[in-house]
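Here's the structure we're looking at; comments come further down.
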Protein chains: 4
Amino acid sequence: MARTVDPRRHARRRLQIIDAGLSVLAERGYEGATTAAICRRAGIGSGTFFHYFATKRELVLAILELGTAETHEQAAALDGRDDPVGVLLDLVGGWAADAADPRIPGFVRAVAGVMHLPAVATALQADDRAQREVLLPWIERGQAAGEVRRDVPAARIASWLVLLTGGFLERVATDDAFTAVGERDLLVRTAESFLRG
Amino acid sequence: MARTVDPRRHARRRLQIIDAGLSVLAERGYEGATTAAICRRAGIGSGTFFHYFATKRELVLAILELGTAETHEQAAALDGRDDPVGVLLDLVGGWAADAADPRIPGFVRAVAGVMHLPAVATALQADDRAQREVLLPWIERGQAAGEVRRDVPAARIASWLVLLTGGFLERVATDDAFTAVGERDLLVRTAESFLRG
Amino acid sequence: MARTVDPRRHARRRLQIIDAGLSVLAERGYEGATTAAICRRAGIGSGTFFHYFATKRELVLAILELGTAETHEQAAALDGRDDPVGVLLDLVGGWAADAADPRIPGFVRAVAGVMHLPAVATALQADDRAQREVLLPWIERGQAAGEVRRDVPAARIASWLVLLTGGFLERVATDDAFTAVGERDLLVRTAESFLRG
Amino acid sequence: MARTVDPRRHARRRLQIIDAGLSVLAERGYEGATTAAICRRAGIGSGTFFHYFATKRELVLAILELGTAETHEQAAALDGRDDPVGVLLDLVGGWAADAADPRIPGFVRAVAGVMHLPAVATALQADDRAQREVLLPWIERGQAAGEVRRDVPAARIASWLVLLTGGFLERVATDDAFTAVGERDLLVRTAESFLRG
DNA sequence: CATGAATGAGTTTTCATTCAT
DNA sequence: AATGAATGAAAACTCATTCAT
C-alpha cells in the first residue's frame, strides 16, 4: 500500500534541476554545461538527473517551455485593460526587465548557439511566436483606435517590437556600459515612438 | 633544402579554411562544427588544418578578426563625406544587408554561444567596439550640426544603433517572414527617426 | 504487529517473476533483459524484484535450477519401465519437444552467452550433468541387455545423446526451415541408430 | 606529397584488433568484453579502436564475416574431388577440429547470446547458410551416386550435418570430459552412419 | 608542406541495486 | 510486503590535437 509518488516532491525536484541548469547553461554555454556540472550545482547524482530528463537536450527544452508558458500567463494578466499602447509598452518594458537577471541573456545565447538542433529551433520559434501573439491583439486594437501607426501591418509591428527587446537583451549581455536598468526608459520611449510611426 | 613559404599560397589556403569554417560553424554551431567537418568542407587533411590554426578556437578568432578589420575598412571608405546622418544610415543599412548572407547570423549565433570562452568574449567585444567606434564620430558631427538628437550622449546613441542592427540580424535568423531585403527600408527609417529623437 | 509470510503468495509471486524473466531473457539476451524490463513484464516495482532475488544473476540461476529440478522429476517418472531404449528415446524426444516453446532456445542462448560468470557456468553444468545422469542408468541397462552398443562407454553415449538434443535446440533457434515438430521424428530415429551403433 | 595510407599496415592493424576481440569475447562474453579490455589486449588506445570499427558490434560482425569467408574458401579448395561422402566427412571433421581452438566455442556462445541484435542474427544466419551451401552439392552428388540416403532431402541432410557440428562445439565448450580431439573420430563415424541412412 | 593514423581525456547515458516510506 | 526515487560506477563513443612519414 505504499504510495511513494508525491507529485509535489517531484515538481520541486524538477524545478531544482531546471534552476541549476539555467545557471550553468548561462555561465558555460550548451556544451560547457556538462550534465556533471549541472548535477553538482543541483546537488544530485547523475542518475537522478536522467530520472527527470531523458536527455540534456530535454532539460533545455523544458526551460524554454517554461518561458513560453510564462509569456502566455502574462497575456492572461492583461485582460480588462483598455490602453493598447500602455499595455504594449508594459510588455516591452517587462521583457527588458528580465534582462536584469544576468542568467537570462546568457541562457538565451547558449540556446541560440545550438539552434541547429531541430528540437531547439522549434522550441525557440514557439517562444518567439508566443511573444508576437501576445503583442498582436493589442497592436490591432491600437491601430483601430488610431493610437498606433497603420502604415505597417500589425504582424510586422509585433516583429519589430520583439526585435527591439531582442537587441536590448543582446546589448545588455555584450556591453558592460549598457545596463538593463539604465536603458530601459529609453527602450520604452523608442518603442512608443516606433508605434506612433 | 630551404623551403621558403610562398605567402600568397599560404594566405589563399588560410582563407579557404576560414571560408569553410564560417559555413560549417553557421550550419552546425560551435561544437557541432567538428574540425573533421571543417577539413572535409575545405578539402584538406586534418593535419593541414593545424598547420594554419593552432586550435579550433583560433579559427573562430581569426574569422572574428576578419570581420573587425572589415568594419575598420568601411570607416576609412567614408572619409570625405559630409552628411553625418546619411553616413550613419548607410552604415546601418550596410550591416543589415550583411544579414542577407545566411551564414552571417548563423555564425554570430554560434560564436555568441561560446562567449564564455574568454578569448571569444574579448574578440566579440572588439568587434562590437569597432562598430561603435565607426559610428561615434559621425554621431558627434551630426549632433554638432544639429541633425542628431542631443538628449542622449553620442556613445549611447552608438550603442542603440548597434542594438538595432543586432536585433535585426537575430530577427532575420529566427523568423522566416522577416527578410533582410524586405525589412531593410524600415530599419533605415527607424534608425533615422531614432537619430532625430 | 507480526506480519507472517504467506508462503503460498510468496511462491506465486516468485514464479511470476521467473516467468517474466524467462520471456524477457529469451527475447533480449542477458544484458538486454534489464531488471526494469523484467519488472514491467511481471507487473511489479523494481523494489519488489529485489525482495525475491538479490541479484539479476540470481534470477537466472533460479530459472536454471528449476530446469534441473524438472529433469530430475522426469527421471522419477520413469521408474518401473523396462524398455531401456524406449525410455532413452522418450527422453530425447521429450527434450526435443521443449524446443517447440520458443522461449527455451532463446533462454539457453542468453544464458550460454554469460557462461563466463562462474555461478552461471556451474548451474549450466549442473543442468547438463542432470541430463546425463538421467540417461546413464538406462544406457547401462540397455548395454547389459545387449540393446545398446558396447563399443562406446555409457557415459560417452550419454554425452552424445545430449549433443544431439543440444544441436537440435540450436538448429530450431537458428534455422526457420528446421522446426521442432517436423524434425523430431528424424531425431528419434537418429538417436536410435546411434544407440544401436 | 606524403602518402600515409599503407593498406598493408591498415589490414595488419585490423587483424590485430580482430584477434584481440576474438580472444576477449570468447573469455568474457559480449558485454563482458568491454572496448577497453579489447584495446588493452590489442595494445592500442580506445581512439584507435574506433578508427577501425565504428562500433563494438561492427567488430563482432567483422569477425563473423571473416568466418563466413573462410567457409567459402574451404568450398573452393574441394574442387576436383570425386568422393562425395569423403568430402562431407572431411568438412564435418574439419569443423570439429576448429573446436579445438578454445576461443571458437566461446566466441560462438558470446555471439549467440546477442542474437537479438538484428545485425548479429543476420550475420549468424549468413554463416549458417554458408556452411549448408558448402555441403549441399556434395550431398546431392552423393545421393546421385547412391552413396547417400535418399529418404531425406539434401537440404535437410545439410541441416543435420550442421546440427552435429553445432552440438559437438557446444559439448566441447560445456563438458570438460568431452574433448575435440578425443571425440572427433566418433563424430565422423556418426556423420557417416547418418549419411548412409 | 601535407597527410591521416593514433591518441586518450572527457561526455552522455544506462542500469543494477539500495533504502526511506 | 511493496514501491519507486535516488544513486554512482561503468560503458561506449567523440573529437581536438600530435606526430611520424
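Letters A, B, ... mirror the listed sequences (proteins, then strands); counts begin at 1. Remember, it's a predicted structure, so these values are computed and weren't measured experimentally.
- Taking atom CD1 of B/I38 as the reference point, atom C1' of F/dA16 lies 11 Å away to the nearest angstrom.
- Within the 3.5 Å criterion, the main-chain N or O of A/E58 finds no donor-acceptor partner in the side chain of A/T55.
- Here E/dA6 presents its P atom at 10 Å from CZ of D/R12, a figure rounded to the nearest Å.
- A close approach under 4.0 Å does not occur between any side-chain nitrogen or oxygen of D/T35 and OP1 or OP2 of F/dA11.
- Residues satisfying the side chain to side chain donor-acceptor pair (under 3.5 Å) criterion with A/R41, sequence neighbours excluded, are A/E27.
- Using a 4.0 Å cut-off, some side-chain N or O of C/R9 falls inside it from OP1 or OP2 of F/dA2.
- Closest to the side chain of B/H10, from the set E/dC1, F/dT17, E/dT17, is E/dC1.
- Residue order along DNA chain F, read from the 5' end via each residue's closest nucleotide, puts D/E31 first among B/E31 and D/E31.
- No hydrogens or angles considered: a donor-acceptor pair under 3.5 Å links the side chains of B/D127 and B/T68.
- Contact annotation for D/G45: backbone-only contact, meaning every heavy-atom pair under 4.0 Å involves sugar-phosphate atoms and none involves a base.
- Between A/K56 and C/A36, the one whose closest nucleotide on DNA chain E sits nearer the 5' end is A/K56.
- In this structure, the side chains of C/Y30 and C/V120 stay at 4.5 Å or more apart for every pair of heavy atoms.
- With B/T48 contributing its side chain and B/I44 its backbone, the two residues share no donor-acceptor pair below 3.5 Å.
- The CZ atom of D/F49 sits 14 Å away from the C1' atom of F/dT14 (whole-angstrom rounding).
- For E/dA5, neither phosphate oxygen OP1 nor OP2 lies less than 4.0 angstrom from any side-chain nitrogen or oxygen of D/T48.
- Summarising the geometry, the separation between CD1 on B/I44 and P on E/dA2 is reported as 9 Å, rounded to the nearest angstrom.
- Between A/R103 and A/D19 there is a salt bridge, since a side-chain N of the basic residue sits under 4.0 Å from a carboxylate O of the acidic one.
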Item to check | For DNA chain E, the dot-bracket pattern of Watson-Crick and G-U pairs whose distances stay under 3.5 Å, | for other-strand partners | outcome: .||||||||||||||||||||
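- Of the side-chain N and O atoms in D/S46, none sit less than 4.0 angstrom from OP1 or OP2 of E/dA9.
- Atom-to-atom, CZ of D/F50 to P of F/dT14 comes out at 7 Å; the value is rounded to the nearest Å.
- Residue A/H51 places none of its side-chain N or O atoms closer than 4.0 Å to OP1 or OP2 of F/dA6.
- In this structure, D/R57 atom CZ and F/dC13 atom P are separated by 9 Å, rounded to whole Å.
- Spacing between atom CZ of D/R14 and atom C1' of E/dA6 amounts to 17 Å, rounded to whole angstrom units.
- At distances below 3.5 Å, at least one donor-acceptor pair connects side-chain atoms of C/Q16 with backbone N or O atoms of C/A42.
- When heavy atoms are screened at a 4.0 angstrom cut-off, D/T34 is found touching the sugar-phosphate backbone but no base atom.
- The shortest heavy-atom contact between B/T174 and A/M115 is CA-CE, 4.2 Å.
- With rounding to whole Å, D/R40 atom CZ is found 14 Å from E/dG8 atom C1'.
- Taking only side-chain nitrogens and oxygens, D/R13 comes nearer than 4.0 Å to OP1 or OP2 of E/dA6.
- For the OP1/OP2 pair of E/dA2 and a distance below 4.0 Å, the side-chain nitrogens and oxygens of B/Y52 include at least one atom meeting the criterion.
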